S.K.: 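Before anything else, here's the structure in question.
This one's a predicted model, so the numbers in the text were calculated from it and none came from an experiment. Along the sequence shown, the residues carry numbers beginning at 1.
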Amino acid sequence: MDAAKLGFEPDTVIQELGWDDDVDDAVRAAVETLTGSELVDGEVGLVVDGVILWWRDGDGDLADALMDALQDLAEGGSIWLLTPKVGRPGYVSGADIGEAAPVAGLSTTTTSSATEDWAATKLSTHKR
């Protein structure tokens, strides 16, 4: 996976939320290699340049999770929502994402294939 496709840059801080045993370690490694630093979790309390949120059906309320993901995000930063692809356990429909994003004050800007098992959706804050 090309982490630069996610829009991350060297010397940025990226927060990872929703980690579990099923995440794709190649994505994590690619982001860490590109940024030059380890991913931080939600406990650090830093302002971050971007967020990777791993999300599966059954993880709870997506809108709430997206609002939580905004807590430490710098203005102009993006959230990349990684969800299992169609046919994979935990699949999240695009309609669910499209419904949750505006509730959290976000817009869906890009959806693409991140890996064989995960889809990536870029969510951005509305322009002020």
S.K.: Are W118 and V86 connected in the hydrophobic side-chain network, where two residues link if heavy atoms are under 4.5 Å apart?
M.R.: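 Shared cluster, no.
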
S.K.: Any side-chain heavy atom of L82 within less than 4.5 Å of one from V23?
M.R.: no

S.K.: Between V40 and V13, what is the shortest heavy-atom contact and its length?
M.R.: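 So the minimum-distance heavy-atom pair works out to CG2-CG1, 3.9 Å.
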
S.K.: Return the minimal non-hydrogen interatomic distance between A63 and V103, and the atom names on each side.
M.R.: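 Minimum heavy-atom separation between A63 and V103: CB-CG1, 3.8 Å.
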
S.K.: Is any side-chain heavy atom of T121 closer than 4.5 Å to a side-chain heavy atom of T110?
M.R.: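 No - every pair of side-chain heavy atoms lies 4.5 Å or more apart.
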
S.K.: With no hydrogens and no angle check, just 3.5 Å: does a side-chain donor-acceptor pair link Q15 and D72?
M.R.: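 Yes, D72 and Q15 have a side-chain donor paired with an acceptor closer than 3.5 Å.
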
S.K.: With hydrophobic residues grouped by side-chain heavy-atom distances under 4.5 Å, do L123 and L70 end up in a single group?
M.R.: yes

S.K.: Supply the atom-to-atom distance D11 CG to S37 OG, rounded to the nearest 0.5 angstrom.
M.R.: 7.5 Å

S.K.: Less than 4.0 angstrom from a charged side-chain N to a carboxylate O is my criterion; do R56 and D20 meet it?
M.R.: no

S.K.: Output the distance between atom CD (E99) and atom OG (S93), rounded to the nearest 0.5 Å.
M.R.: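 One finds 8.0 Å between CD of E99 and OG of S93.
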
S.K.: Between E32 (side chain) and L39 (backbone), is there a donor-acceptor pair under 3.5 Å?
M.R.: yes

S.K.: Do the side chains of M67 and L62 join up, straight or via other hydrophobic residues, at under 4.5 Å, putting them in one cluster?
M.R.: no

S.K.: Applying side-chain contact (heavy atoms from CB on, under 4.5 Å) to W54 and D24, what does each step give before you reach the verdict?
M.R.: CA-CA 10 Å; W54 301 93; D24 192 302; 4.1 Å; yes

S.K.: Measure the shortest side-chain to side-chain distance between V31 and L6 over non-hydrogen atoms and say whether it is less than 4.5 angstrom.
M.R.: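 Answer yes - side chains close enough.
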
S.K.: Within the 4.5 Å heavy-atom criterion, are I14 and V51 side-chain neighbours or not?
M.R.: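 The answer is no, as the side chains (C-beta and beyond) never meet within the 4.5 Å cut-off.
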
S.K.: How long is the straight-line distance from CG of D117 back to OH of Y91, given to the nearest 0.5 Å?
M.R.: 14.5 Å

S.K.: When you compare the side chains of S113 and K85, does any donor N or O come within less than 3.5 Å of an acceptor on the partner?
M.R.: yes

S.K.: Kindly indicate whether the side chain of W55, heavy atoms from C-beta on, has any atom under 4.5 Å from the side chain of V92.
M.R.: yes

S.K.: Sub-3.5 Å donor-acceptor pair from the side chain of R88 to the main-chain atoms of E116, do we have one?
M.R.: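 Yes, R88 side chain to E116 backbone: donor-acceptor pair under 3.5 Å.
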
S.K.: Could you tell me which non-hydrogen atom of L66 sits nearest to which non-hydrogen atom of A104, and how far apart they are?
M.R.: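 Heavy atoms of L66 and A104 come nearest at CB-CB, 3.7 Å.
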
S.K.: What I'd like to find out is whether the side chain of T83 reaches to under 4.5 Å of the side chain of L81, using heavy atoms alone.
M.R.: yes

S.K.: Measure the shortest side-chain to side-chain distance between L17 and I52 over non-hydrogen atoms and say whether it is less than 4.5 angstrom.
M.R.: no

S.K.: Would you say the side chain of W80 lies within less than 4.5 Å of the side chain of V27, judging by non-hydrogen atoms?
M.R.: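 When only atoms from C-beta onward are counted, W80 and V27 do not touch, as no gap falls below 4.5 Å.
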
S.K.: Using only atom types and a distance under 3.5 Å, with no angle test, would you say the side chain of T12 pairs donor to acceptor with the backbone of T35?
M.R.: no

S.K.: Check G18 against L53 and note the closest heavy-atom contact, atom names and distance.
M.R.: N-CD1, 4.4 Å

